Amino acid sequence: MTTIIRSGSLVTAEDKFEADILIDGGKILAVGLDFNVPDAEVVDASGKLVMPGGVDPHTHFDLPMFGTISSDDHYTGHKAAAFGGTTTVIDFVSLDFPTFAESVNAWHTKAEKAAIDYSFHMNLTRMDDALAGEIPSLVGMGITTLKVFTAYNNVLRLNDWAIFKALRIAREHGMLVMLHAENGDVIETLAAEALAAGHTSPEWHARTRPGWGAVEATMRAAAMAAQAEAPVYVVHMNMAGEVDMLEYARERGVPVMGETCPQYLFFTEEDLARLDGAKWICSPPMRTHEDNTRLWQGLAEGTLQTVGTDHCPFFFDGTRPIVYEGSEIAIPGKELGSDDFTKIPNGLPGVQDRLPILWSFGVRAGHITANEFVALNCTNPARIFGLYPQKGALLPGSDADIVIWDPERRVKYGVAHSHQRTDYNLYEGWELTGYPEKVFLRGELIVDGEEWLGKRGGGRFLKRRPGAPLL
Ligand code: URP
Ligand code: ZN
Ligand code: ZN
């Protein structure tokens with residue numbers, strides 16, 4: 001079927017202009033004016049903005065953790081993403097089996113219900129010669145990225161020997177190492193001391209994960225990147241000092257890039273001290289207003305290249321069911337840590353919230369321009385992760401993943417508005433101006449206002465290409 005999106009204002013990472021988009025076979029055929037195709041379905045976008053579908057480079061669907069499981073799966077999380085204007089997600093595969101292939105296959109099985117397009121990163125949480133030898137095989141599976149951790153001692157953490165080895169292999173095969181930057185030893189010591197002193201409430205999560213751990217881990221990774229001559233992408237950056245370290249390294253030609261997430265732009269440690277502070281528990285934790293400000297600046301200046309969500313939702317009270325698509329569901333959540341902050345599942349909802357929140361409180365608030373909004377949320381993640389120009393672009397030949405954005409629509413946002421499968425929303429009651437009106441995935445209309453037209457199994461796995469550019 002041929003579709004024409006007519007008379008919209010196209011917003012790309014570089015430009016804004018009036019044009020029509022001609023779509024056929026799931027692809028953008030042409031961008032121009034006055035297409036005359038008899039029988040084409042015409043979608044009127046006058047008065048609206050037209051942008052590429054969002055690419056969220058950081059999600060955790062159906063992830064077993066802390067004795068429970070993240071509460072969105074690869075269907076509910078995808079549906080929520082689509083309502084927020086995101087049409088591609090990249091999820092992290094846990095290294096749960098002896099080989100990468102087995103671990104990846106398990107994730108493919110989970111993702112059979114996908115409703116938007118998706119790809120995978122591999123969590124590299126062990127290292128030995130056999131596993132090192134298998135890393136290049138991931139490229140053949142379409143996985144070109146490895147996440148390493150300097151925290152979560154004895155569970156996920158790698159030492160510097162292993163990280164350096166991963167960097168060198170990644171360099172040789174055009175892959176990219178992603179870093180979770182915190183100091184696992186400091187956290188282990190401080191958390192044990194806090195519990196021994198009887199400190200069990202959520203704010204101790206932040207107090208026992210000091211920001212300096214993130215700063216020095218970022219610098220150490222940048223130094224290793226320089227020595228391995230391999231790129232590093234620092235995920236969920238949360239500290240002003242991390243931005244400074246990245247800037248320092250980039251000024252010296254070190255190939256480092258960074259991502260932050262909306263939660264680190266708006267919230268602080270003080271939110272953890274609320275009665276419902278467990279809602280804000282994730283790792284790394286929220287920091288201070290000064291950190292929020294520096295992260296905004298890092299985005300606007302280009303020191304940071306992307307905004308991901310680190311969507312890893314849990315119920316606030318997993319003993320009380322919610323209704324999702326007509327059925328009751330309750331999944332154990334934050335209440336698991338009601339008498340011990342170290343047992344609160346780490347993670348937050350956000351996959352739907354990213355674009356609407358960043359439009360109203362990023363673009364409209366003057367922190368970033370509309371072009372930067374598209375670059376950070378759509379185009380840069382697609383480029384860095386080897387999906388461009390199939391994704392993240394409004395170019396002839398690109399997948400017709402398109403958001404028609406109503407810049408005037410006002411929404412009082414919150415859990416009632418969200419399709420994320422959890423019982424709370426971080427942005428409850430926030431007044432938004434600007435919201436997705438229609439969302440297309442490969443030319444198919446999957447969200448029309450409040451109506452869900454997407455389907456379980458309608459998403460496709462995206463094999464990513466190695467050798468993606470450094471931004
Ligand atoms: O608290 C978080 N961020 N949970 C997800 C896992 C991670 O480290 O990204
Ligand atoms: Zn992480
Ligand atoms: Zn994460």
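Sequential numbering from 1 along the given sequence is applied to the chain's residues. Just so it is clear, the values below take in all heavy atoms, side chains as well, and ignore hydrogens, waters and symmetry mates. A quick note: this is a predicted structure, and the numbers were derived from the prediction, not measured. One-based numbering, in listed order, for ligands and for the atoms of each.
A side-chain N or O of Glu325 and one of Tyr75 form a donor-acceptor pair less than 3.5 Å apart. Side-chain contact of His58 with His60: a donor-acceptor pair under 3.5 Å is present, judged by distance alone.
When atom types are taken as modelled, the side chain of Asp310 and the backbone of Thr59 share no donor-acceptor pair closer than 3.5 angstrom. For Thr200 (side chain) and Phe341 (main-chain N/O), no donor-acceptor pair under 3.5 Å exists by modelled atom type. A donor-acceptor pair under 3.5 Å is formed between the side chain of Ser70 and the backbone N or O of Leu63.
Minimum heavy-atom separation, Ile344 to Pro202: CD1-CG, 4.2 Å.
The minimum distance between the Zn ion (ligand 3) and any N, O or S atom of His60 involves atom NE2.
Which parts of ligand 1 touch His236 is read off a 4.0 Å heavy-atom cut-off, strictly below it: atoms 8 (O), 9 (O). Annotation for ligand 1: atoms under 4.0 Å from non-hydrogen atoms of His58 are 9 (O). Every atom of ligand 1 with a heavy atom of Met65 under 4.0 Å away is listed here by number and element: 4 (N). Below 4.0 Å from some heavy atom of Cys282 lie the following atoms of ligand 1, by number and element: 1 (O). Within the listing of ligand 1, atoms 8 (O) sit less than 4.0 angstrom from a heavy atom of His180.
Residue Leu304 holds its CG atom at 5.0 Å from CG of Leu299, rounded to the nearest 0.5 Å. Atom OG1 of residue Thr218 and atom OH of residue Tyr248 lie 14.5 Å apart, to the nearest 0.5 angstrom.
Val439 is not listed as a side-chain neighbour of Ile116, based on a closest heavy-atom distance of 4.5 Å or more.
Within the protein, the N, O or S atoms sitting under 2.8 Å from the Zn ion (ligand 2) are Lys147 NZ, His180 ND1, His236 NE2.
With respect to atom 4 (N) of ligand 1, the closest heavy atom belonging to the protein is Asn346 O, 3.2 Å. Protein heavy atom in closest approach to atom 1 (O) of ligand 1: Ser283 N, 2.8 Å. When hydrogens are left out, the protein atom nearest atom 7 (C) of ligand 1 is Lys147 NZ, 3.4 Å; that is the closest non-hydrogen contact. Atom 6 (C) of ligand 1 has its closest protein heavy atom at His60 NE2, 3.6 Å.
The side chain of Asp310, and not its backbone, has at least one atom closer than 4.0 Å to an atom of ligand 1 (non-hydrogen atoms only; side chain from C-beta on).
Under the rule for a ring pair (Phe, Tyr, Trp, His ring centres under 6.0 Å), His173 has no partner lying at least two apart in sequence or in another chain.
Checked options Arg421, Arg456, Lys79, Lys110; the residue passing with Asp73 is Arg421 (criterion: salt bridge (charged side-chain N to carboxylate O under 4.0 Å, His left out)).
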